[in-house]
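See structure below.
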Amino acid sequence: MSQETAISSFKKFQQSWIEQLQHHLNHLRSAQNHHRNSVTGDVERLREAVERVMEHFREYHRAKWATTEKDVVGVMAAPWSSALERSLHWVGGWRPTTLFHLVYTESSILFESRIVDILRGFRTGDLSDLSPSQFRIKFVKGRTVSELQCETVKEENAITEELSEWQDDASELVMGTSSNPEQRIRRLSEIVHRTDDLRLRTITRVVELLSPLQQAEFLIAAAELRTGVAGWGTSHDRRRSSNV
């Protein structure tokens with residue numbers, strides 16, 4: 001498969017993946033509402049719906065990994081994304097620490113909207129119910145939440161530094177003086193692989209921190225953020241094209 005074909009195939013995969021994501025989110029919302037409205041709840045149905053979404057993210061990771069192997073430069077250019085999305089990209093995609101900010105933001109919004117019920121002692125079970133232990137004490141494979149966030153920041157910084165070093169040496173590729181251009185491109189592929197691994201590990205670990213209902217709230221918010229930015233960016237590109 002040529003590099004052009006690989007990028008074209010991934011662009012089609014991306015479009016299909018987004019459509020399927022909406023289907024999985026509808027299933028997750030249905031399970032979430034059923035759990036809330038049921039007297040005893042339905043945790044297993046909710047967990048199954050959460051796992052569907054997580055497997056969908058893993059599928060995306062596998063497809064992008066394969067495409068990166070064939071054309072890492074094309075992956076970095078991300079022709080399937082809008083100009084807005086590309087302006088927000090970090091090493092060809094979203095920054096992992098965004099997920100922590102999303103959890104804090106969603107929990108704060110839900111907390112404020114349900115403050116009266118919370119003060120009365122009612123528990124909702126969603127992100128407004130995040131306890132201090134989930135933020136600071138609860139362990140995931142031997143780590144606390146704060147430690148996980150710090151580790152993610154450190155990995156992000158290390159990757160940024162590694163990419164900066166690669167870019168410093170990239171002038172040799174442009175000028176055609178590199179003694180081993182294939183090795184340089186391979187190094188870029190390794191950086192992108194490392195970054196995508198961090199993205200998948202981060203969303204997996206954040207989900208592990210939460211209860212099933214909180215997992216649903218978080219994944220819905222994360223997906224809506226992604227599709228919302230993509231939709232707004234696409235609309236902006238169309239308006240910009242019509243004004244040229």
Side-chain angles (χ1 to χ4, degrees), residues 1-22 24 52-100 102 151-176 178-207 219 222-223 225-227 229-230 233-234 237:
M1 182 183 293
S2 67
Q3 293 178 329
E4 184 177 353
T5 303
I7 294 301
S8 177
S9 295
F10 187 76
K11 187 174 182 179
K12 292 178 182 178
F13 167 81
Q14 172 92 359
Q15 294 170 344
S16 174
W17 187 87
I18 291 292
E19 293 174 1
Q20 292 175 32
L21 177 62
Q22 293 294 350
H24 291 314
R52 277 195 189 185
V53 176
M54 290 302 299
E55 177 56 31
H56 198 54
F57 281 118
R58 290 191 287 268
E59 180 187 10
Y60 184 89
H61 178 269
R62 291 190 293 268
K64 189 179 178 186
W65 180 286
T67 306
T68 299
E69 285 290 289
K70 295 179 176 68
D71 185 5
V72 63
V73 175
V75 168
M76 288 289 284
W80 49 82
S81 299
S82 65
L84 173 64
E85 290 173 282
R86 288 192 293 272
S87 73
L88 299 172
H89 277 179
W90 172 77
V91 198
W94 50 272
R95 186 178 287 272
T97 46
T98 302
L99 297 178
F100 295 100
L102 183 62
E151 288 176 7
T152 305
V153 170
K154 288 179 181 178
E155 286 197 66
E156 280 187 358
N157 291 340
I159 291 170
T160 298
E161 184 176 347
E162 188 175 358
L163 181 61
S164 178
E165 291 175 356
W166 185 91
Q167 290 170 334
D168 287 342
D169 297 334
S171 59
E172 294 181 5
L173 281 174
V174 177
M175 297 174 65
S178 175
S179 59
N180 195 338
E182 290 184 2
Q183 184 178 3
R184 291 292 176 84
I185 294 298
R186 181 60 196 171
R187 183 184 172 198
L188 179 60
S189 296
E190 292 171 353
I191 294 172
V192 174
H193 284 328
R194 180 181 172 190
T195 305
D196 285 334
D197 281 346
L198 179 59
R199 291 186 181 107
L200 184 60
R201 277 190 287 115
T202 302
I203 193 170
T204 300
R205 289 173 177 175
V206 169
V207 166
L219 289 174
L225 176 63
R226 177 168 185 161
T227 56
V229 171
T234 300
D237 285 352

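Being a predicted model, the structure only gives us computed values, none of them experimental. Atoms considered below: every heavy atom in the structure, side chains included; atoms not considered: hydrogens, waters and symmetry mates.
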Would the distance check show the side chain of Thr202 and the main-chain N or O of Leu198 forming a donor-acceptor pair, the cut-off being under 3.5 Å? yes
Euclidean distance, Asp169 CG relative to Leu188 CG, rounded to 0.5 Å: 12.0 Å
Taking only residues at least two apart or on different chains, which pairs with a member in residues 153-164 satisfy salt bridge (charged side-chain N to carboxylate O under 4.0 Å, His left out)? Arg95-Glu156, Glu155-Arg201, Glu162-Arg194
Nearest 0.5 Å, please: how far is CG in Leu99 from OG1 in Thr152? 8.5 Å
Which residues satisfy the salt bridge (charged side-chain N to carboxylate O under 4.0 Å, His left out) test with Asp196, sequence neighbours excluded? Lys64, Arg199
Using the ring-ring contact (aromatic ring centres under 6.0 Å, His included) criterion, which residues pair with His89? Sequence neighbours excluded. none
Could you tell me if the side chain of Glu59 sits less than 4.5 Å from the side chain of Phe13, heavy atoms only? yes
Return the set of residues passing salt bridge (charged side-chain N to carboxylate O under 4.0 Å, His left out) with Arg86 (not counting sequence neighbours), or none when no residue passes. none
Under 4.5 Å between any side-chain heavy atoms of Trp65 and Asp197, yes or no? yes
Residues Val75 and Ile7: closest non-hydrogen pair is N-CD1, 3.8 Å
The ring-ring contact (aromatic ring centres under 6.0 Å, His included) partners of His56 (sequence neighbours excluded) come to Trp17, His24
How far apart are the closest heavy atoms of Pro79 and Gly74, and which atoms are they? CD-O, 3.4 Å
Rounded to the nearest 0.5 Å, the NZ atom of Lys11 sits from the OG1 atom of Thr67 at a distance of 13.5 Å
Could you tell me if Thr195 and Trp90 have a donor-acceptor pair between their side chains, going purely by distance under 3.5 Å? no
What heavy-atom pair brings Asp237 and Ala83 nearest, and what distance separates the two atoms? OD2-N, 3.2 Å
Interatomic spacing from OG in Ser16 to CG in Leu21 - rounded to 0.5 Å: 11.0 Å
Is the cationic atom of Arg226 (NZ for Lys, CZ for Arg) positioned less than 6.0 Å from the six-membered ring centroid of Phe57 and within 45 degrees of its normal? no
If you measure from CD1 on Ile18 to OH on Tyr60, what distance do you get to the nearest 0.5 Å? 7.5 Å
CD of Gln183: more than 12 outside heavy atoms within 6.0 angstrom? no
With sequence neighbours excluded, residues passing ring-ring contact (aromatic ring centres under 6.0 Å, His included) with Trp80: Phe10
Pairing of Arg187 and Glu182 as salt bridge, 4.0 angstrom limit: no
Measure the shortest side-chain to side-chain distance between Ile203 and Met54 over non-hydrogen atoms and say whether it is less than 4.5 angstrom. yes
Mind checking whether Val91 and Thr160 have side chains closer than 4.5 Å, heavy atoms only? no
Can you check whether Leu84 reaches Thr234 side chain to side chain, under 4.5 Å on heavy atoms? no
Yes or no on salt bridge (charged side-chain N to carboxylate O under 4.0 Å, His left out) for Arg58 and Glu55, after CA distance, side-chain angles and deciding distance? CA-CA 5 Å; Arg58 290 191 287 268; Glu55 177 56 31; 3.0 Å; yes
Roughly how far apart are Leu88 CG and Ser81 OG, rounded to 0.5 Å? 10.0 Å
